[in-house]
Amino acid sequence: MKKIYHLGSCSTCQRILKELEPLDGVVLQEIKSESITSEQLEEMKKLAGSYEALFSKRAMLFRQRGLHEQQLSEDDFKNLILEHYTFLKRPVTIIDDQIFVGNSKKVVEAAKEALHS
């Protein structure tokens, strides 16, 4: 399975999708219009190792809600990601049994290599 969870209004996601082209056989899921299901999040967690690894601490709501001052559990991370799409670190690229989370240059390069190898 090849799938990319992204946010259509995010210029960084758009740039990375362009960088990963061609996207033959890749399912794109725009997470604002098509919410992530708990099953999808569970699958991501299995590959990533934790919900925290999938959680974006850069989300504006993270600071607005004062979450940066709290000790969050794995359940908290899971529930926050399911509650609001901005808490998912994006894009999340799944290629077979590999997962690439976030937009760092290293992650994007690794995803590109896995996608086109």
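These numbers come from the heavy atoms of this one structure, side chains and all, not from hydrogens, waters or symmetry mates.
With values rounded to the nearest 0.5 angstrom, S9 atom OG is found 7.5 Å from Q14 atom CD. To the nearest 0.5 Å, atom CG of residue L72 and atom OH of residue Y51 are 14.5 Å apart. Separating the CG atom in L47 from the OG1 atom in T93 is a distance of 12.0 Å, to the nearest 0.5 Å. Here the straight-line distance linking atom CG of L88 with atom OG of S35 works out to 11.5 Å at 0.5 Å rounding. Note: S38 OG to I81 CD1 = 12.5 Å, rounded to the nearest 0.5 Å.
Pairs of residues two or more places apart, or lying in two chains, that qualify as salt bridge (charged side-chain N to carboxylate O under 4.0 Å, His left out) and include a residue from residues 35-57 are E52-K57. Every pair passing salt bridge (charged side-chain N to carboxylate O under 4.0 Å, His left out) that includes a residue from residues 5-26 is listed here, sequence neighbours excluded: R15-E19. Sorted by first then second residue, the salt bridge (charged side-chain N to carboxylate O under 4.0 Å, His left out) pairs that include residues 65-81, not counting sequence neighbours, are R65-E83.
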- prompt: Are F87 and L67 close enough, and set up right, to give a side-chain contact (heavy atoms from CB on, under 4.5 Å), and what steps lead you there?
  reply: CA-CA 11 Å; F87 287 122; L67 298 172; 3.9 Å; yes
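Note on I36 and L80: same hydrophobic cluster, where clusters join Ile, Leu, Val, Met, Phe, Trp and Tyr whose side-chain heavy atoms are under 4.5 Å apart, directly or indirectly.
Nearest heavy-atom pair, L20 versus V108, reported as atom, atom and distance to 0.1 Å: CD2-O, 4.0 Å. Counting all heavy atoms, side chain and backbone alike, A114 lies closest to I95 at CB-CD1, 3.9 Å.
Ring orientation note: the planes of F55 and F62 are nearly perpendicular, at an angle over 60° on the 30°/60° scale.
With sequence neighbours excluded, the residues forming a side-chain contact (heavy atoms from CB on, under 4.5 Å) with V26 are K2, I4, L23, L28, L115, listed by chain and number. In this structure, the side-chain contact (heavy atoms from CB on, under 4.5 Å) partners of S33, at least two apart in sequence or on a different chain, are E30. Residues satisfying the side chain to side chain donor-acceptor pair (under 3.5 Å) test with K32, not counting sequence neighbours, are none.
Heavy-atom contacts from other residues, nucleotides or ligands closer than 6.0 Å to CE of M1 number more than 12.
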